[in-house]
Amino acid sequence: MENEYWAYDTTSISSYSESLKQVKYGMNKDHDPLPQINLALLFGEDSGLPFYYRKLAGNISDISTLKKLLADLKQLDFGKVKLVMDRGFYSEANINAIYQNNLKFLIATKVSLKFVRKELDKVRDSIKTRTNYNSIYQLYSHSTAIEWNYSQTRPRKGDVIKDTRRMYLHIYYSSEKALEHESRFNLMLDQLEAELTSGNRKPENEKQYAKYFELSDTPVRGIKIIPKQDAITRAEKDYGFFALLSNDIKDPIIALEIYRNKDLVEKAFGNLKERLNLRRTAVSSESSLDGKLFVQFIALIFMSHLKKTMADKGLFQNYTMQELLDELDVIEAFENPGKALQVGEVTKKQEGLYTNLGVDPPSTL
């Protein structure tokens, strides 16, 4: 649909078979200790429909997938493109690539980035005012226009174009998120301290050990773990804050609403894995995998359309999606080659459901 934002995200799908070319060990988002493929999906926020998917090797990170997406969109000759993404896709190279392709974007980013922290420090103590409060989302927000240091390398000419681009930084504070961040941070510190105490250090956590703890080793007392309180206090200052970047949306609440609608794609992944049984690939050949993904994608389109129609017509007040399908599933049909389809009895209730879904009720005997 024109002017809608497209939610872009990836998920991991586990596989028992390691014979598939793209099955690799990577960051499994379901914490499943199996090799995986990754699946990328584009989902229209207004249309409520998925319209692009691509399988990826299981060890491909989210950041590195964006340039291929931009190349595909250009190849498909899409005009006005607006992307919404989580912070896993943020990098300077990706933002530059989006500007280079003249696209609009909305993306989450870490508050620890230097240019974000610079603006956050300006409003950290003043953001919590009545003027900045939104009662619907129960949070405070502040927006400011900033300049992005744009750069583009031109391989043929061997030079680099440097310029500035305007974008909007939206900063939010939520007391609910502050409690969530505090709990998550303390759990992380507990885990790090337990690993240090037991001696079961993990290579991926070495930076965190050094950042938040100091170790001293004495012959008498052994290893002593001392928290670095200054570093912990600095981290605690950011409890409850989060940030969004956009080169299109000036209003922080509109930006937040569009970003939260991104959970459409996350729910679509849930439908693929649970309702359409794609948590595991359950195939051992490339052609079977390609066929399964294609059929599942077509099924997801039908499911997504059904879900949006049910929501628009208020049908979720009386039915879950499964209950609605079960209500229509009891209608019998008999097909004889060369003859018209014979449909059994259809109740008034079932006719009403067909009408609400925009489908002509079937002709009965």
Side-chain angles (χ1 to χ4, degrees), residues 12 24-34 36 58-64 85-95 107-129 132 138-142 144 146 149 169-245:
S12 53
K24 305 286 183 182
Y25 281 96
M27 182 62 71
N28 195 301
K29 298 184 179 182
D30 293 328
H31 308 290
D32 201 342
L34 289 171
Q36 67 191 45
N59 57 354
I60 298 295
S61 66
D62 285 350
I63 288 177
S64 60
M85 298 162 286
D86 64 31
R87 69 183 194 178
F89 295 94
Y90 174 84
S91 71
E92 288 186 20
N94 280 347
I95 300 299
I107 190 169
T109 189
K110 296 179 180 179
V111 296
S112 58
L113 293 173
K114 286 184 179 180
F115 74 94
V116 177
R117 183 168 295 282
K118 177 183 175 183
E119 297 300 327
L120 173 57
D121 286 341
K122 292 178 183 179
V123 300
R124 189 186 297 276
D125 298 324
S126 61
I127 192 172
K128 288 183 278 187
T129 64
N132 294 331
Q138 297 182 344
L139 50 69
Y140 302 90
S141 65
H142 172 82
T144 185
I146 62 173
N149 294 320
L169 172 61
H170 306 296
I171 296 173
Y172 306 87
Y173 175 80
S174 163
S175 56
E176 182 180 344
K177 273 200 173 293
L179 292 173
E180 180 186 320
H181 289 169
E182 181 180 13
S183 176
R184 191 188 312 149
F185 184 62
N186 282 317
L187 282 173
M188 182 195 72
L189 293 179
D190 289 344
Q191 179 185 338
L192 294 175
E193 191 167 356
E195 291 167 4
L196 290 171
T197 302
S198 65
N200 296 321
R201 298 170 69 132
K202 296 181 179 179
E204 63 269 25
N205 290 338
E206 287 297 333
K207 288 184 178 179
Q208 300 288 65
Y209 300 144
K211 183 176 182 179
Y212 294 115
F213 295 97
E214 184 176 330
L215 303 182
S216 63
D217 193 357
T218 63
V220 179
R221 297 184 178 180
I223 296 177
K224 186 177 181 181
I225 302 169
I226 306 170
K228 293 182 179 179
Q229 191 56 48
D230 288 346
I232 293 173
T233 301
R234 283 195 297 272
E236 289 172 343
K237 286 172 60 178
D238 293 337
Y239 287 168
F241 288 100
F242 60 100
L244 299 175
L245 286 172

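The structure displayed is predicted, hence computed values, not measured ones.
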Chemist: Check Val116 against Ala243 and note the closest heavy-atom contact, atom names and distance.
Modeler: CG1-CB, 4.1 Å

Chemist: Nearest 0.5 Å, please: how far is CZ in Arg87 from CG in Leu245?
Modeler: 12.5 Å

Chemist: If you look only at distance, which donor and acceptor atoms sit under 3.5 Å apart when one is on a side chain in residues 182-193 and the other is two or more places apart or in another chain?
Modeler:
| unit_1 | atom_1 | unit_2 | atom_2 | d |
| --- | --- | --- | --- | --- |
| Arg184 | NH2 | Glu180 | OE2 | 2.5 |
| Asn186 | ND2 | Glu182 | O | 3.2 |
| Gln191 | NE2 | Glu195 | OE2 | 3.0 |

Chemist: Phe115 and Leu169: which non-hydrogen atoms are nearest, and at how many Å?
Modeler: O-CD2, 4.5 Å

Chemist: On a heavy-atom basis, which atom in Tyr173 and which in Leu139 lie closest, and how many Å separate them?
Modeler: O-CB, 3.3 Å

Chemist: Report the C-alpha separation of Asn94 and Ile107 in whole Å, then their side-chain angles, then the decisive distance to 0.1 Å, and conclude whether the side-chain contact (heavy atoms from CB on, under 4.5 Å) test is met.
Modeler: CA-CA 11 Å; Asn94 280 347; Ile107 190 169; over 6 Å; no

Chemist: Rounded to the nearest 0.5 Å, how far apart are CZ of Arg234 and CD of Gln229?
Modeler: 10.5 Å

Chemist: Under the 3.5 angstrom rule, does the side chain of Lys228 hit a backbone N or O of Ala210 as a donor-acceptor pair?
Modeler: yes

Chemist: Locate the shortest heavy-atom distance separating Ile232 from Tyr212; write the atom from each residue and the value.
Modeler: CG1-CD2, 3.8 Å

Chemist: In Å, rounded to the nearest 0.5 Å, how long is the span from CD1 of Ile146 to NZ of Lys118?
Modeler: 9.5 Å

Chemist: What are the two closest heavy atoms between Phe213 and Pro227, and how far apart are they?
Modeler: CD2-CA, 3.9 Å

Chemist: Rounded to the nearest 0.5 Å, what separates atom CD1 in Ile127 from atom CG in Leu120?
Modeler: 7.5 Å

Chemist: What distance do Glu176 atom CD and His181 atom NE2 have between them, rounded to the nearest 0.5 Å?
Modeler: 10.5 Å

Chemist: Going through the checks in order, is the side-chain contact (heavy atoms from CB on, under 4.5 Å) test met by Leu215 and Ile225?
Modeler: CA-CA 5 Å; Leu215 303 182; Ile225 302 169; 3.7 Å; yes

Chemist: Give the C-alpha distance, both sets of side-chain angles, the deciding distance and a yes or no for side-chain contact (heavy atoms from CB on, under 4.5 Å) between Tyr90 and Leu113.
Modeler: CA-CA 11 Å; Tyr90 174 84; Leu113 293 173; 3.4 Å; yes

Chemist: Is there a side-chain contact between Ser112 and Arg117 in this structure, where contact means two heavy atoms from C-beta onward sitting under 4.5 Å apart?
Modeler: yes

Chemist: Heavy atoms only: give me the nearest Gly88-Ile63 pair and the separation to one decimal.
Modeler: O-CG1, 3.0 Å

Chemist: Would you give the length of the straight line joining atom CG of Asp125 to atom NZ of Lys237, rounded to the nearest 0.5 angstrom?
Modeler: 8.5 Å

Chemist: Among all residues two or more places apart in sequence or in another chain, which pass the salt bridge (Lys or Arg N to Asp or Glu O under 4.0 Å) test with Arg124?
Modeler: Asp121, Asp238

